[in-house]
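Ligands are counted one by one from 1 in listed order, and the atoms in each one are counted from 1 as well. Numbers here simply count residues along the sequence, with the first being 1.
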Amino acid sequence: MYTLIHNGSLIDGTGNQPLNDAVILIKNNIIKYVGLEESLNLPETKIRKIDANGGYILPGFIDSHLHLMSNGFKFEDTMYTPLSLYFYKAVENMRLTINAGVTTVRDAGLADYGVKMAVDQGFLLGPRMQISVTPLSITGGHFDYWLKSGFDMKTSYPGYPGSICDGIDGVQRKTREVLRAGADVVKVMVTGGVMSANDRPEFPQFTVDELKVIVKEASYRNIKTMAHAHGVAGIKNAIKAGIHSIEHGTYLDQESITMMLDNGTYLVPTLIVMKINRERAESGSMPVYGIEDALRIEDIHRRSIKKAYKAGVTIAMGTDSGVIEHGINLQELSLLCDAGMKPMEAILSGTKVASECLGWQDKVGTIETGKLADIILTKINPLKNVESLGNPNNIPVVIKDGKVVKNLQ
Ligand SMILES: [Zn+2]
């Protein structure tokens with residue numbers, strides 16, 4: 001089965017300037033040709049044609065930090081929500097993610113192996129994914145759902161191990177447990193969080209020695225690690241331990257930025273969740289325990305990301321969708337531009353750079369021969385108007401794995 005995309009300008013995700021009148025030939029799910037029409041020898045068989053209508057052709061985007069199984073992060077929700085409802089809601093969350101032009105994601109916690117299987121086996125429409133299943137947390141840390149009342153709000157079920165682990169032996173065992181549950185990446189909470197009742201985003205969680213054990217255990221299976229990290233002490237602990245990516249990265253100082261550069265650590269900012277949390281805190285639509293943190297840290301976070309960008313830290317796009325609504329992932333791009341990026345750089349952070357962060361640069365992230373056909377079409381030139389990508393209505397066509405999974409034309 002051949003597909004030909006034609007009549008559009010190609011922004012291939014490698015950083016190349018747009019190629020006008022580009023064509024892309026796809027065989028089944030693989031990109032076979034990218035370039036100008038005149039040098040293409042069309043196979044003599046039936047070819048499905050997709051007209052880009054003079055618009056722009058881009059790689060499917062990659063969100064390096066979201067939560068497909070989450071709709072807001074309120075501890076108390078687990079009291080009222082039957083387990084199955086999380087899964088049914090995830091069906092819609094995944095559809096919205098595809099609708100937004102995101103064809104690959106790294107789930108930063110909650111999606112389990114069955115969710116991934118359902119998408120991989122084609123039962124459900126959703127992005128291809130790397131899952132972390134359960135984020136690791138210390139007792140009293142960012143993923144400890146124990147309340148001071150003595151009630152424990154945690155959800156756990158077969159396939160979704162509990163989060164809490166302490167000490168060298170404890171974290172080693174927990175890492176193995178999460179890997180057994182099917183994690184493609186190990187997520188660790190190395191500081192407190194904004195939306196958690198027991199801790200503060202500034203304070204570190206886990207020792208460097210504990211983190212080293214987690215990183216090592218994951219590395220035995222070629223698996224990377226990602227650290228939820230706000231405060232600078234936790235960020236430095238994570239970098240020292242060899243964690244692959246720093247998520248959020250709220251309080252960065254010069255030393256931590258230098259350490260990231262020296263270690264080749266990725267930074268995954270989540271500017272949009274900071275913005276929306278601040279807006280929610282201002283309008284009073286946030287649980288009391290989150291308000292103070294949310295008001296304070298948006299600005300601090302943006303300034304940190306600016307500094308890191310200027311210094312040359314490698315930045316992959318993330319959103320924390322799930323804490324905020326799903327389906328507006330690419331609004332992050334214009335926020336990255338507010339932090340100093342040019343539109344092309346923001347696009348790369350959500351395509352090529354993100355694919356490298358996930359270790360999937362051979363499969364996705366750019367439109368090149370031999371890669372999987374994850375492609376979106378957009379009407380508006382995103383290099384002139386990067387904000388336009390934040391509105392899914394401007395993305396009429398999404399192709400994942402060679403299949404048209406969204407078509408408004
Ligand atoms: Zn998150």
Side-chain angles (χ1 to χ4, degrees), residues 62-75 77-78 86 89-90 93-94 97 102 104-112 115 127 129-137 141-145 154-155 160 163 178 183-201 205-206 224-231 234-235 238 243-251 266-278 280 286-287 290 293-294 297-298 301 304-305 315-329 331-332 335 350 354 357-358:
I62 301 166
D63 189 335
S64 297
H65 187 126
L66 53 53
H67 304 272
L68 291 172
M69 291 281 290
S70 173
N71 293 80
F73 250 85
K74 287 189 192 143
F75 279 179
D77 284 352
T78 57
Y86 289 104
K89 280 186 169 176
N93 298 343
M94 292 194 288
T97 306
V102 174
T104 298
V105 304
R106 193 170 61 156
D107 192 280
L110 300 176
D112 72 7
V115 175
M129 64 184 87
Q130 289 188 356
I131 52 171
S132 55
V133 192
T134 309
L136 276 52
S137 167
H142 182 45
F143 232 62
D144 188 346
Y145 279 60
K154 78 163 184 233
T155 310
Y160 184 80
S163 289
V178 167
D184 302 294
V185 56
V186 175
K187 164 98 182 278
V188 194
M189 304 301 197
V190 305
T191 70
V194 180
M195 295 297 289
S196 44
N198 292 320
D199 59 14
R200 294 280 304 274
Q205 302 180 354
F206 288 115
K224 299 183 199 305
T225 47
M226 59 193 291
H228 158 102
H230 290 294
I235 290 170
I243 295 270
H244 179 68
S245 68
I246 296 294
E247 312 294 306
H248 315 302
T250 306
Y251 293 89
Y266 282 83
L267 174 62
V268 181
T270 52
L271 295 156
I272 188 169
V273 69
M274 300 288 181
K275 173 174 172 262
I276 292 178
N277 271 344
R278 192 253 309 148
R280 278 185 192 161
M286 171 177 274
D293 288 341
I297 69 174
E298 185 202 14
H301 179 248
S304 287
I305 303 311
I315 294 176
M317 187 197 83
T319 61
D320 228 352
S321 295
V323 175
I324 55 167
E325 64 184 288
H326 291 274
I328 54 169
N329 312 60
Q331 289 185 15
E332 182 74 14
L335 298 175
C357 179
L358 271 62

A.B. asks: Any N/O/S atom, backbone or side chain, of H65 lying under 2.8 Å from the Zn ion (ligand 1)?
C.D. replies: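 Of the N, O and S atoms in H65, at least one lies under 2.8 Å from the Zn ion (ligand 1), which means yes.
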A.B. asks: At a threshold of 2.8 Å, where the distance has to be below it, does the Zn ion (ligand 1) have an N, O or S atom of H67 nearby?
C.D. replies: yes
A.B. asks: Within this structure, what is the CD1-OG1 distance for the pair I272 and T319, rounded to the nearest 0.5 Å?
C.D. replies: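 I272 CD1 to T319 OG1: 7.0 Å, rounded to 0.5 Å.
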A.B. asks: Report yes or no: does D320 have an N/O/S atom closer than 2.8 Å to the Zn ion (ligand 1)?
C.D. replies: yes
A.B. asks: Between N93 (side chain only) and H326 (backbone N and O only), is there a donor and an acceptor less than 3.5 Å apart?
C.D. replies: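 Flag not set: sc N93 to bb H326 has no pair under 3.5 Å.
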A.B. asks: Q205 side chain to H142 main-chain N or O, any donor-acceptor pair under 3.5 Å?
C.D. replies: yes
A.B. asks: For the residue pair H228 and H248, categorise the inter-ring angle as parallel (less than 30°), tilted (30 to 60°) or perpendicular (more than 60°).
C.D. replies: perpendicular
